[in-house]
Amino acid sequence: MFKIDKEKLVGFEIKTVHNLLKRDFDKLPIHDKFNNLTGVQKWVVAYLSEHEGQDVFQRDLEEEFSIRRSTATGILQLMEKNDLIIRQPVSYDARLKKLVLTKKASEIQHEIHKEIEKHDKKVREGITEEELEVFFNVMKKIKKNLSE
């Protein structure tokens with residue numbers, strides 16, 4: 001019988017850590033305070049606030065978060081429904097609609113940034129700068145391998 005040592009499978013470890021990160025991120029106080037924002041919605045709000053004043057489109061989010069068009073569409077539709085974003089046409093291309101944070105999302109984006117930073121600090125606890133450098137180099141290689 002073939003047995004897989006899950007502790008030595010990179011993909012299994014990444015998936016396990018992903019599950020732990022998502023669970024921990026989704027229980028941050030802002031989750032309940034603002035209509036059960038999901039982790040990805042928090043990241044989208046943070047991304048759009050960081051790129052305020054620039055035209056950001058759905059395809060930019062697809063690329064930034066390595067998600068499929070259908071996934072991005074679902075996330076953005078829910079964010080529109082929850083009054084977090086609006087899609088505005090741009091004058092230079094009638095087919096494109098840029099993503100803009102609503103007043104509601106703009107008001108909470110500072111809290112989202114603080115929670116993201118607090119969460120990242122928790123994740124980095126006990127990890128040296130050298131270890132983080134190695135980690136980010138390895139993750140970059142894994143992403144490259146998977147995108148080829």
Side-chain angles (χ1 to χ4, degrees), residues 9-148:
L9 293 175
V10 173
F12 181 80
E13 286 298 308
I14 291 172
K15 180 63 176 163
T16 302
V17 170
H18 170 266
N19 292 341
L20 293 168
L21 282 168
K22 181 178 177 356
R23 190 177 311 130
D24 195 60
F25 200 65
D26 282 347
K27 67 181 183 187
L28 293 172
I30 201 166
H31 181 74
D32 295 326
K33 188 175 177 182
F34 297 103
N35 284 339
N36 295 321
L37 281 173
T38 66
V40 73
Q41 289 174 341
K42 293 171 198 169
W43 284 109
V44 170
V45 169
Y47 181 84
L48 291 175
S49 70
E50 289 170 7
H51 293 85
E52 197 170 356
Q54 300 172 24
D55 290 350
V56 177
F57 304 99
Q58 178 173 327
R59 69 172 181 253
D60 298 315
L61 296 180
E62 292 166 11
E63 187 175 308
E64 177 70 17
F65 298 106
S66 298
I67 56 177
R68 292 189 174 109
R69 181 183 304 162
S70 59
T71 302
T73 298
I75 292 164
L76 295 174
Q77 286 174 341
L78 187 58
M79 290 182 77
E80 280 182 300
K81 181 181 172 193
N82 291 332
D83 192 34
L84 295 169
I85 62 160
I86 54 174
R87 297 179 200 238
Q88 291 182 339
V90 291
S91 60
Y92 52 88
D93 191 334
R95 299 167 296 174
L96 294 176
K97 295 199 186 305
K98 66 182 178 178
L99 306 172
V100 179
L101 293 177
T102 62
K103 184 177 182 202
K104 175 183 174 181
S106 293
E107 290 171 354
I108 63 171
Q109 61 96 5
H110 292 295
E111 290 182 65
I112 291 172
H113 279 278
K114 282 192 279 185
E115 288 207 356
I116 288 172
E117 288 174 5
K118 183 179 173 183
H119 190 255
D120 195 59
K121 185 177 178 182
K122 177 181 179 181
V123 170
R124 291 170 177 248
E125 204 168 291
I127 302 172
T128 68
E129 287 300 317
E130 294 79 21
E131 289 169 327
L132 284 171
E133 189 175 332
V134 170
F135 168 78
F136 286 116
N137 285 334
V138 169
M139 292 306 289
K140 183 189 266 184
K141 289 178 182 180
I142 290 171
K143 287 190 244 181
K144 183 177 182 262
N145 291 344
L146 294 173
S147 63
E148 291 178 346

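- Counting only heavy atoms from C-beta outward, the side chains of Leu101 and Glu52 never approach each other to under 4.5 Å.
- Rounding to the nearest 0.5 angstrom, the gap separating the NE2 atom in His113 from the OG atom in Ser49 is 2.5 Å.
- Applying the salt bridge (charged side-chain N to carboxylate O under 4.0 Å, His left out) rule to Lys81 yields no partners; only residues at least two apart in sequence or on another chain are considered.
- Of the inter-residue distances, the one linking Glu80 atom CD with Thr73 atom OG1 reads 10.0 Å to the nearest 0.5 angstrom.
- Asn82 and Lys104 make their closest contact through O-NZ, 2.9 Å (heavy atoms, listed as atom of the first residue, atom of the second, distance).
- Of all non-hydrogen atoms in Thr102 and Asp83, the two that sit nearest each other are OG1-O, 2.6 Å.
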inquiry  = Between Glu115 and Glu111, is the side chain to side chain contact (heavy atoms under 4.5 Å, CB included) condition met? List the steps.
reply    = CA-CA 6 Å; Glu115 288 207 356; Glu111 290 182 65; 5.6 Å; no
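- Between Ile127 and Val123, the shortest heavy-atom distance links the atoms CD1-O, 3.5 Å.
- Residue Lys97 holds its NZ atom at 12.5 Å from CD of Gln58, rounded to the nearest 0.5 Å.
- The environment of Gln54 atom CD is dense: over 12 non-hydrogen atoms of other residues, nucleotides or ligands sit within 6.0 angstrom.
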request  = Might you work through the side chain to side chain contact (heavy atoms under 4.5 Å, CB included) test for Leu61 and Ile75, ending with a clear yes or no?
outcome  = CA-CA 10 Å; Leu61 296 180; Ile75 292 164; over 6 Å; no
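- Remark: Lys42 NZ to Thr38 OG1 distance equals 7.5 Å, nearest 0.5 Å.
- When atom types are taken as modelled, the side chain of Asp120 and the backbone of Ile116 share no donor-acceptor pair closer than 3.5 angstrom.
- Separation of atoms CG (Leu48) and CG (Leu84) is listed at 10.0 Å; rounding is to 0.5 Å.
- With rounding to the nearest 0.5 angstrom, the CG atom of Leu99 is 8.5 Å from the CE atom of Met79.
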request  = Would you check, one step at a time, whether the test salt bridge (Lys or Arg N to Asp or Glu O under 4.0 Å) holds for Lys103 with Glu107?
outcome  = CA-CA 6 Å; Lys103 184 177 182 202; Glu107 290 171 354; 3.7 Å; yes
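- Among residues at least two apart or in separate chains, there is no salt bridge (charged side-chain N to carboxylate O under 4.0 Å, His left out) pair with a member in residues 58-77.
- Side-chain contact between Phe65 and Thr71 is absent, with no heavy-atom pair separated by less than 4.5 Å.
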